[in-house]
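Accompanying notes for the structure given below.
Throughout, residue positions are numbered sequentially from 1 according to the sequence presented.
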Amino acid sequence: MELTLVGIGTGKPDHLTLQAVEAIRAADLLLIPEKGEGKQELADLRRRIVAGCVEDDGVRVLSFAMPKRDPAVPDYKTRVKLWHDAIAQAWLDALAPYPEARKIVLLVWGDPALFDSTLRVAERIRKACPLELKVVPGLTSLQVLAASHAIPLNRLAEPFLVTTGRHLREHGWPEGIDTLVVMLDGECSFTTLDPAGVSIWWGAYLGMEGEILDQGALSEAGPRIVEARAETRERRGWIMDIYLLRRETSSASAP
């Protein structure tokens, strides 16, 4: 069996690479996760992407219920590992009725290599049954955020750090870094920072219908973003967002 993880960008069909289109068209079976009530739009977007690539009924599209993390498990990493085990089993259960399928494709938001656990789940599958694992890279939300705001990710000759909201809350702003890109932040962790001298570039539903952008001094844009995020999440039932934080320095002369 050949399992291909295809990065699809941030939900806009135009984000697909030619390599991604070829992989989708070559599939015997496409797996689409269903994330439950309020998040049907995510599965529907994947189906529309498939429909735009495949002109006939030769590809079987198979949905499966995406397991949820168990909040009763106190340790974060243990909770996530158990969740990955459950996802791997859900994949195996979904594939079991189709032993004849040889080319399996799973569409992955963004790129499978960046803050996404699909590759870790796939390794669990590989331990359970022989398979060849392939990856098709996709546009990341980092790239789309920078393009939407027309800004570079890094200052001239300077590094930047990609981190998570949880890490920012627990450890604060890391030493020696003036630019942070924050992902997987459901709690607006930028509100835990001293906003003095910090600017933010934020985006939600990047590349999709209803894309929202905001930017400015953190002290001014931060409260607007908190309000907009809460309102749109309530209305749509889900949200995917990302933001860049940049701290002023005495030597900085460009964004």
Side-chain angles (χ1 to χ4, degrees), residues 3 5 7 10 31-40 42-43 46 63-96 106-129 131 133 135 138 140-142 145 159-177 179-194 198 200 202 204 222 225-226 229-230 232-234 236-245:
L3 175 61
L5 308 180
T10 60
L31 289 175
I32 294 183
E34 298 278 357
K35 296 191 174 183
E37 187 178 355
K39 297 182 179 180
Q40 185 60 39
L42 293 170
R46 284 178 166 91
S63 300
F64 69 95
M66 186 74 164
K68 296 181 180 179
R69 283 184 251 185
D70 185 356
V73 179
D75 179 70
Y76 174 78
K77 288 188 176 181
T78 300
R79 183 163 66 248
V80 172
K81 287 178 180 178
L82 292 173
W83 180 49
H84 292 169
D85 290 341
I87 296 172
Q89 189 58 55
W91 288 12
L92 290 170
D93 291 344
L95 293 172
L106 187 87
L107 305 183
V108 180
W109 219 258
D111 184 281
L114 182 65
F115 281 108
D116 185 273
S117 294
T118 312
L119 277 165
R120 297 182 184 90
V121 176
E123 286 298 331
R124 287 164 166 79
I125 300 292
R126 186 144 61 174
K127 292 178 181 178
C129 61
L131 63 83
L133 180 60
V135 175
T140 68
S141 56
L142 280 74
L145 176 72
F160 67 94
L161 178 71
V162 183
T163 188
T164 65
R166 183 176 64 88
H167 201 275
L168 184 63
R169 290 192 307 275
E170 294 179 357
H171 302 283
W173 196 297
E175 293 290 332
I177 299 291
T179 299
L180 301 177
V181 178
V182 184
M183 304 177 67
L184 304 176
D185 186 8
E187 301 184 32
C188 295
S189 300
F190 54 80
T191 59
T192 65
L193 301 173
D194 178 357
V198 178
I200 186 170
W202 173 78
I225 292 168
V226 171
R229 192 183 191 283
T232 53
R233 189 182 189 283
E234 174 67 23
R236 294 183 71 159
W238 64 280
I239 190 168
M240 286 188 183
D241 62 340
I242 182 174
Y243 55 90
L244 182 148
L245 298 169

Please evaluate residues K81 and R124 with respect to the criterion side chain to side chain contact (heavy atoms under 4.5 Å, CB included), reporting the C-alpha separation (whole Å), side-chain torsions for both, the decisive distance (0.1 Å), and the verdict. CA-CA 11 Å; K81 287 178 180 178; R124 287 164 166 79; 4.2 Å; yes
Check whether more than 12 heavy atoms from other residues, nucleotides or ligands sit under 6.0 Å from atom NE2 of H167, and answer yes or no. no
Here the gap from I32 atom CD1 to L42 atom CG, rounded to the nearest 0.5 Å, amounts to 11.5 Å
All heavy atoms of G138 vs all of D111, minimum pair found to be N-OD2, 2.9 Å
Salt bridge R120-E123, side-chain N to carboxylate O under 4.0 Å: no
So do the side chains of V135 and V108 get within less than 4.5 Å of each other, counting heavy atoms only? no
Indicate the atoms forming the closest heavy-atom contact of A65 with A90, along with that distance. O-CB, 4.1 Å
Could you tell me which non-hydrogen atom of R69 sits nearest to which non-hydrogen atom of V80, and how far apart they are? NH1-CG2, 3.8 Å
Looking only at heavy atoms, the pair that brings S141 and T10 closest together is CA-CG2, 3.9 Å
Can K68 and K35 be said to form a side chain to side chain contact (heavy atoms under 4.5 Å, CB included), step by step? CA-CA 8 Å; K68 296 181 180 179; K35 296 191 174 183; over 6 Å; no
So which atom in S189 and which in G165 form the shortest heavy-atom distance, rounded to 0.1 Å? OG-O, 3.1 Å
Just checking, is any N or O donor in the side chain of W202 or D241 under 3.5 Å from an acceptor N or O on the other one? yes
T192 and R169: side-chain donor and acceptor closer than 3.5 Å? no
What are the two closest heavy atoms between P159 and I177, and how far apart are they? CG-CD1, 4.0 Å
Measuring only between side-chain heavy atoms, which start at C-beta, is I225 closer than 4.5 Å to Y243? no
Could you state the interatomic distance from CE (M183) to CD1 (I242), rounded to the nearest 0.5 Å? 4.5 Å
Nearest 0.5 Å, please: how far is CG in L133 from CG in L5? 5.5 Å
For the side chain of T179 and the backbone of F160, is there at least one donor-acceptor N/O pair under 3.5 Å apart? no
Walk me through whether F190 and V198 qualify under side chain to side chain contact (heavy atoms under 4.5 Å, CB included). CA-CA 10 Å; F190 54 80; V198 178; over 6 Å; no
With side chain to side chain contact (heavy atoms under 4.5 Å, CB included) as the criterion, how do L82 and D70 come out once you've worked through the C-alpha distance, each side chain's angles and the decisive distance to 0.1 Å? CA-CA 8 Å; L82 292 173; D70 185 356; over 6 Å; no
Are any non-hydrogen side-chain atoms of E34 and Q40 less than 4.5 angstrom apart? yes
For the side-chain contact (heavy atoms from CB on, under 4.5 Å) test, which of L168, L180, I200 pairs with L193? L168
Taking atom types as modelled, find out whether D93 and Q89 have a side-chain donor-acceptor pair closer than 3.5 angstrom. yes
